[in-house]
Amino acid sequence: MLHHFKLLKPRTVFIILLATMCVLSLRLMNKADAAAAPELAFPTYPRPTAIASGDFNLDNKPDLAILTGGGETDGTDVSIFLNNGAGLFTFHVSYGSGNLRSLHDVKVADFNMDGKPDLVTQRYGFQTIIPIPATLQVRLGDGAGNFAPPLERNTIIGPMVIGDYNGDTKQDIAVPFTHSQNGFCSQASGAVVYLSNGNGAFTEMPAVTIRWRANAGVSGDFNNDGKLDLATASQGDFSCAPPNGPILTILFGDGLGNFPTRNELPAFWGQDVVAGDFNIDGKLDLALTPSTTGVQALFGTGAGDFVAGPSTTVSGGRENPQAADFNADGKLDIALVDRAAHAVKIIYGNGTGSFPSFRAFNTGSTPNFQVVKDFNNDANLDLAITNNGSSNVTVILDTNTTAPLARTQYDFDGDFRADIAVYRDGNTPNAPSYWHILRSNNNTYLGVQHGANGDKPIPADYNNDRKAEVAVWRPSTGTWFTSTNAAINYGAFQWGTNGDIPIPGDFDADGKADYAVYRPSNGIWYVLRSSDGAFQFQQFGTSTDKPLLGDFDGDSKTDFAFYRPGATALANSFWNVIQSSNGAFLSAQFGRGEDKPVPADYDGDGKTNFAVYRASTFTWFTSLNPSINYGATVWGAEGDVPAPADYDRDGKADLAIFRPGSGIWYILQSSNGGVVGRQWGSPGDKPVPSSFIP
């Protein structure tokens, strides 16, 4: 095999040999004692300097892009390592910077909107007799883990912050920068946005000036106007004339790619800054690190201003912060890199902006950057950390040690919690419809325009990425729109006809929702299986029966099932199921004519339960067991819409209602009996977790 390496660069051969040996040894170690080896490592070319993650070969496993080499003039590579699904990575391909010029920073986004992740890096310039400008290098991905030669344009070096700054759904790049000019005190700092043209090219917007020594940035809608803003931290310098101290600058976006207004907070500064809702009030906050005492929380007012929250003392290094809910308690935590201690630390948030406890994980020598993903697909967040001193990457699996959780419906951000979300139908024929989603992983807002007046929301996981996709079914044409990507015509697929009822279940247990409809006119189910493209049909039901979405026998397949309401309000109702596990027919009397069926897994056994909501008494009946009064629980009020789902990540559906008059959600958590009340929506909105309740 070695003679093939003659065509490759020496550093590429180095990576292939060491990565192969490392993966082989890790596989043997995992087989012998997987639980004893949560911290894995694999080698890279010397001195890795940045890391990013994306699904480069579209196999639903997050891969890694790593910059190696370091220094401004000694040349670097960006290397792609592919994930085997168990948190182990193998070298795939490497791309050099060329002409001994170094690459700086790496980010992943779909810049040409073809559904395949792309790479962007910055390449240092030379300030010589004939200056060579720094450039952005955009490499378009092919969906197989490979990337095209770079598209380049001039740039200014600084940390890249990806986001849609002009509201056209294309991913742009903001760069806070410091540019040296003949001496330290004459440094010019600013921020510039490069607007994506949708083909891998960018248009540079005018730069805005910010205080000297800008060194960190994070994006977010800090004033709740629906436009992306940029928060930048500048160190300043009191020795310069005029003297300038540290400052945090909030640059407010105008939705066109400019930052015409700002808010400056001179009392606050951080070498690094990270955004998230740390006090769980629905408004974006900031955490600065390092501050004089540790990690400083700044609470957002929702109007673009920030007030000081708690300051948490953290000993040792606290660089490259990453915010996520690592211990699955619904509160944001922060992972910090500690170079001197050769470790990363996770400080655990308590929902008030404080981080009273922490856990340290060993890394290689001199760690510098990290990325957060679920690398082994077990529903627990993992970390991958570049180690500049030992020239390798540490992968820390399962930072939360709880048992893996089953995926849940209506989870749009992949944290195994249902998200509070409403669908706002267009108010006139053909008018656009909107999805308003409160992401549970960080309590931030996601708004998506998808669908039009008269469409039916059909959220489900259509691509096995463990997230529900925003999707609609158009009754007038029987068309499914299962993607928000215009480049693929929004995933348009015709399946069904006007009068059908869409039931996007996973009938073949491949992890993907299938196109499936129930036709009341003849009582036939029509299913197009995603696993093999085969057509399946089943006669089961009548014109007055209500088709149900659920796995009633716990075999990971959706069953054919319907609810037959009683002919009168007090007459008995019946449930009928064809169990996919053995083909057996199951029928049970449960509920009465006035009830609404609300099937879900209320006891955490992996099976959908028969359950009804009785609006006349606001009572939920979630069990067939008469000894517990059929699980009767009063929860709701006049006009409420039931929306049961697992909002607290305990594997059990919670009793939840949406109150259309006020737009308030009331959730009774099954994990602790606690009550969550949250205003989210307006009169006329449809709660997304009620999409398949007939």
Side-chain angles (χ1 to χ4, degrees), residues 4-5 7-24 26 40-70 75-98 102-112 114-123 136-152 160 162 171 200 368-377 382-388 391-395:
H4 293 298
F5 289 161
L7 302 177
L8 304 176
K9 296 185 299 181
R11 68 177 62 181
T12 303
V13 176
F14 174 84
I15 294 173
I16 292 174
L17 288 173
L18 286 185
T20 301
M21 290 187 292
C22 179
V23 169
L24 288 174
L26 286 173
L40 311 176
F42 63 89
T44 67
Y45 191 71
R47 299 191 309 283
T49 57
I51 188 169
S53 182
D55 182 11
F56 302 131
N57 59 349
L58 303 182
D59 64 352
N60 295 313
K61 304 165 189 173
D63 309 308
L64 295 175
I66 301 167
L67 292 191
T68 56
T76 53
D77 283 355
V78 55
S79 299
I80 305 302
F81 290 82
L82 297 181
N83 184 358
N84 73 351
L88 302 177
F89 295 84
T90 55
F91 172 77
H92 177 64
V93 68
S94 183
Y95 302 100
S97 56
S102 178
L103 298 177
H104 172 81
D105 203 3
V106 59
K107 292 291 188 292
V108 175
D110 181 9
F111 292 113
N112 62 344
D114 65 351
K116 304 166 186 174
D118 309 313
L119 295 178
V120 59
T121 57
Q122 297 168 315
R123 188 163 76 153
L136 282 177
Q137 285 194 331
V138 177
R139 294 180 180 271
L140 301 179
D142 67 355
N146 308 302
F147 295 86
L151 304 171
E152 292 198 74
M160 295 184 290
I162 306 296
Q171 293 299 295
N368 47 7
F369 292 97
Q370 60 182 331
V371 66
V372 181
K373 292 283 185 178
D374 178 10
F375 292 116
N376 59 349
N377 289 322
D382 311 314
L383 289 170
I385 306 102
T386 53
N387 302 304
N388 190 264
S391 297
N392 64 352
V393 170
T394 299
V395 179

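Because the structure is predicted, anything quoted here is derived from the model rather than measured.
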Taking only residues two or more places apart in sequence, or in another chain, which ones meet [X] in a side-chain hydrogen bond (donor to acceptor under 3.5 Å, both in side chains)?
X: Asn368; value: Thr386
X: Asn377; value: none
X: Asp55; value: none
X: Asp374; value: none

For this session: Start with the C-alpha gap between Asn84 and Thr90, add the side-chain angles, then the distance that decides, and say whether side chain to side chain donor-acceptor pair (under 3.5 Å) holds.
Result: CA-CA 8 Å; Asn84 73 351; Thr90 55; over 6 Å; no

Would a distance-only check, ignoring hydrogens and angles, find a side-chain to backbone donor-acceptor pair under 3.5 Å from [X] to [Y]?
X: Asn388; Y: Pro48; value: yes
X: Ser53; Y: Asp63; value: yes
X: Thr68; Y: Arg47; value: no
X: Asp382; Y: Phe375; value: yes

What distance separates [X] [atom1] from [Y] [atom2], expressed to the nearest 0.5 Å?
X: Ile51; Y: Thr44; atom1: CD1; atom2: OG1; result: 9.0 Å
X: Asn146; Y: Phe56; atom1: CG; atom2: CZ; result: 11.5 Å
X: Asn83; Y: Asn376; atom1: CG; atom2: CG; result: 8.0 Å
X: Leu151; Y: Arg139; atom1: CG; atom2: CZ; result: 9.5 Å
X: Gln122; Y: Leu136; atom1: CD; atom2: CG; result: 6.0 Å

Exercise. Does the pair Leu383 and Val372 meet the rule for a side-chain contact (heavy atoms from CB on, under 4.5 Å), with working shown?
Worked result: CA-CA 5 Å; Leu383 289 170; Val372 181; 3.5 Å; yes

Looking at residues at least two apart in the chain, or sitting in another chain, which of them share a side chain to side chain contact (heavy atoms under 4.5 Å, CB included) with [X]?
X: Ala52; answer: Val106, Val108
X: Lys107; answer: Asp105, Val120, Met160, Ile162
X: Ala148; answer: none
X: Asp114; answer: Asp110, Asn112, Lys116

Exercise. Taking the six-membered ring where the residue is Trp, are the ring centres of Phe42 and Phe91 under 6.0 Å apart?
Worked result: no

Problem set entry | Member of Asn57, Leu140, Leu58 meeting the side chain to side chain contact (heavy atoms under 4.5 Å, CB included) criterion with Pro117 |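 Only one of Asn57, Leu140, Leu58 forms a side chain to side chain contact (heavy atoms under 4.5 Å, CB included) with Pro117, namely Leu58.
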
Problem set entry | Non-hydrogen atoms of Phe111 and Asp118 that approach each other most closely |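 Residues Phe111 and Asp118, closest heavy atoms: N-OD2, 2.7 Å.
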
Problem set entry | Heavy-atom closest contact (His92 atom, Ala144 atom, distance) |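 Here His92 and Ala144 meet closest at NE2-O, 3.8 Å.
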
Taking the side chain as every heavy atom from C-beta outward, state whether [X] and [Y] have any atom pair closer than 4.5 Å.
X: Ile80; Y: Phe147; result: yes
X: Val138; Y: Leu119; result: no
X: Lys61; Y: Leu82; result: no
X: Val393; Y: Phe369; result: no

